[in-house]
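Position 1 is the first residue of the sequence; numbering continues from there.
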Amino acid sequence: MENNIASQVQIYAVIGGADYEGERFDTLRLFDSKAMAEAYAEELENEFGIDYVLTKIKNVEARV
């Protein structure tokens, strides 16, 4: 018998972008740790060609 219990998990989506070009999906990374997401966002801010960094918290539904 399958157990379809759903649980909600929060992840942090971090992506860098360039003015007039938009987000660069090659920079997109997902994290389950706020500290790691913040560290990556800081790393992106110092990268050439990145004008801004977006960080969003998303809910993910996991079935176990």
Side-chain angles (χ1 to χ4, degrees):
M1 203 179 259
E2 280 188 41
N3 189 0
N4 283 333
I5 299 172
S7 64
Q8 288 247 337
V9 177
Q10 285 193 327
I11 61 165
Y12 298 85
V14 182
I15 190 168
D19 293 337
Y20 307 109
E21 295 175 20
E23 285 75 43
R24 290 185 34 201
F25 280 88
D26 62 326
T27 65
L28 176 64
R29 290 196 188 163
L30 305 175
F31 299 91
D32 63 352
S33 162
K34 183 178 180 182
M36 291 180 68
E38 290 172 343
Y40 179 62
E42 186 176 323
E43 180 183 320
L44 280 179
E45 288 172 353
N46 296 319
E47 190 173 304
F48 179 77
I50 299 293
D51 296 318
Y52 61 89
V53 177
L54 298 175
T55 301
K56 303 264 183 172
I57 300 173
K58 297 291 184 180
N59 291 322
V60 177
E61 187 175 302
R63 296 206 182 263
V64 287

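Every salt bridge (Lys or Arg N to Asp or Glu O under 4.0 Å) that Asp26 has, sequence neighbours left out, goes to Arg24. Remark: Glu61 pairs with Arg63 by the salt bridge (Lys or Arg N to Asp or Glu O under 4.0 Å) rule, at least two apart or across chains. With sequence neighbours left out, Asp51 forms a side chain to side chain contact (heavy atoms under 4.5 Å, CB included) with Ala18, Asp19.
Going from atom CD1 of Ile57 over to atom CD of Gln10 covers 5.5 Å, rounded to the nearest 0.5 Å. Note that CD1 of Ile15 and CG of Leu28 are 5.0 Å apart. Values are rounded to the nearest 0.5 Å.
Hydrophobic clustering, with ILVMFWY side chains joined whenever heavy atoms are under 4.5 angstrom apart, groups Ile50 together with Met36. Note on Val53 and Ile11: separate hydrophobic clusters, where clusters join Ile, Leu, Val, Met, Phe, Trp and Tyr whose side-chain heavy atoms are under 4.5 Å apart, directly or indirectly. Under the 4.5 Å side-chain heavy-atom criterion for ILVMFWY residues, a single connected hydrophobic cluster contains both Leu54 and Phe25.
Within the 4.5 Å cutoff, the side chain of Tyr52 has heavy atoms near those of the Glu23 side chain.
For Tyr40 against Val14, the heavy-atom pair with the smallest separation is CD2-CG1, 3.6 Å. Of all heavy-atom pairs spanning Thr55 and Ala41, the tightest one is OG1-CB, 4.1 Å.
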